[in-house]
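Letters go in sequence order (proteins before strands), and every chain restarts at 1. Values in this document were obtained by computation on a predicted structure and should not be read as measured data.
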There are 2 protein chains.
Amino acid sequence: MSDNPAEKLVTEFENGEDFCCDLPHAHHSDPAKLSQPETLTVEKAQRMSEFLGFLADTNRLRILSMLADKEMCVGDLAIALEMNESAVSHQLRTLRVIRLVSFRKQGRHVFYRLQDHHVLDFYKAIVEHLDEATA
Amino acid sequence: MSDNPAEKLVTEFENGEDFCCDLPHAHHSDPAKLSQPETLTVEKAQRMSEFLGFLADTNRLRILSMLADKEMCVGDLAIALEMNESAVSHQLRTLRVIRLVSFRKQGRHVFYRLQDHHVLDFYKAIVEHLDEATA
DNA sequence: CTAACACATGAACAAGTATTCATATATAGA
DNA sequence: TCTATATATGAATACTTGTTCATGTGTTAG
């Protein structure tokens, strides 16, 4: 919300042809400038893709969707989502590892919930953006 | 690789116990209410995960990061990202298919750019949220 | 104690995917 | 025309990942 990177839109092209492409690949952009400040470093891109990859699963999204509404235990999640309990447990483990959910134990049950409001906000943001994108 | 489960925070009271869990799984939530309005349908979760999956790749993110700044041709992207040209072309193809980028041909070159502002907005939103999330 | 239950976890298998290599198409220049 | 360049694409390979099955751990009830 604070930073506004790469605001410069992509709507300028035309005029083409003569200001470049004369030599066998005489780079169309200044090589020294290939790494702008806004450009993702490899490391950051890796962290981002890793995180998005964790989100990019139908059942994990459905689990998060459930937990966005209220905390639930493993068995009920399995029933509600019509999934194998083991599968749910495995998915919850990965969600736990990346700190998207936390849990509390109560007797034989383990109740899971979204870790914090950031997760909920991000989840909602994705849903909204994707409603537009895939409309 | 970060194998550091969030196993803390678990410190919750133990009391409870009697207001539920009497029967062998007498669901903790009303079965009739398992599908709330906010709950993702399977179809929507699938579309979302598919879309997120396309984004969940280090090199695709780096390509988008580049194109967020300005349009670029395949060869320059390959050089800037130190990737095989073929790999870049393949990735651009998938980005094209899901309409995240568009292109214009100019002589032997093909210049790619982000498809529209939604893509840029979404990309920025992710970067911001992940800055918080992975900070 | 013993049995039933709730959940976790490791291993194995299946399905998906990114990269590379070889090749194809298309354009520009000689 | 022929050659070099720029990009695209199919196939093969290697890698990742989600699910299932079997089993292990911990808890409650009888």
N59(B) vs dA18(C): side-chain N/O to OP1/OP2 distance below 4.0 Å
no

Presence of donor-acceptor pair under 3.5 Å, side chain of S89(A) and base of dT9(C):
no

Please state whether the phosphate of dT19(D), meaning OP1 or OP2, lies under 4.0 angstrom from any side-chain nitrogen or oxygen of N84(A).
no

Please confirm whether the shortest side-chain N or O distance from R96(A) to OP1 or OP2 of dA8(C) is below 4.0 Å.
yes

Would you say R60(B) reaches dA18(C)'s phosphate, i.e. side-chain N/O to OP1/OP2 under 4.0 Å?
yes

Phosphate OP1/OP2 of dT9(D): any R93(B) side-chain N/O under 4.0 Å:
yes

Looking at every strand, decide which applies to F103(B) at a 4.0 Å heavy-atom threshold: base, sugar-phosphate, or nothing.
nothing

How long is the line joining NE2 of H90(B) and C1' of dA8(D), in whole Å?
8 Å

Mind listing the closest non-hydrogen atom pair of F122(B) and I126(A) along with its distance?
CE1-CA, 4.3 Å

Under 4.0 angstrom between Q106(A) side-chain N/O and dA6(C) OP1 or OP2:
no

At what distance, to the nearest 0.5 angstrom, does CZ of R62(A) lie from CG of L40(B)?
8.5 Å

R96(B) to F103(B) six-membered ring, cation-pi geometry met (6.0 Å, 45°):
yes

State whether the distance check finds a donor on one side and an acceptor on the other, under 3.5 Å, for side chain S86(A) versus base dC7(C).
no

Base, sugar-phosphate, or nothing: which does Y112(A) touch, judged by heavy atoms less than 4.0 Å apart?
sugar-phosphate

CE (M48(B)) and CG (L55(A)) are apart, to the nearest 0.5 Å, by 7.5 Å

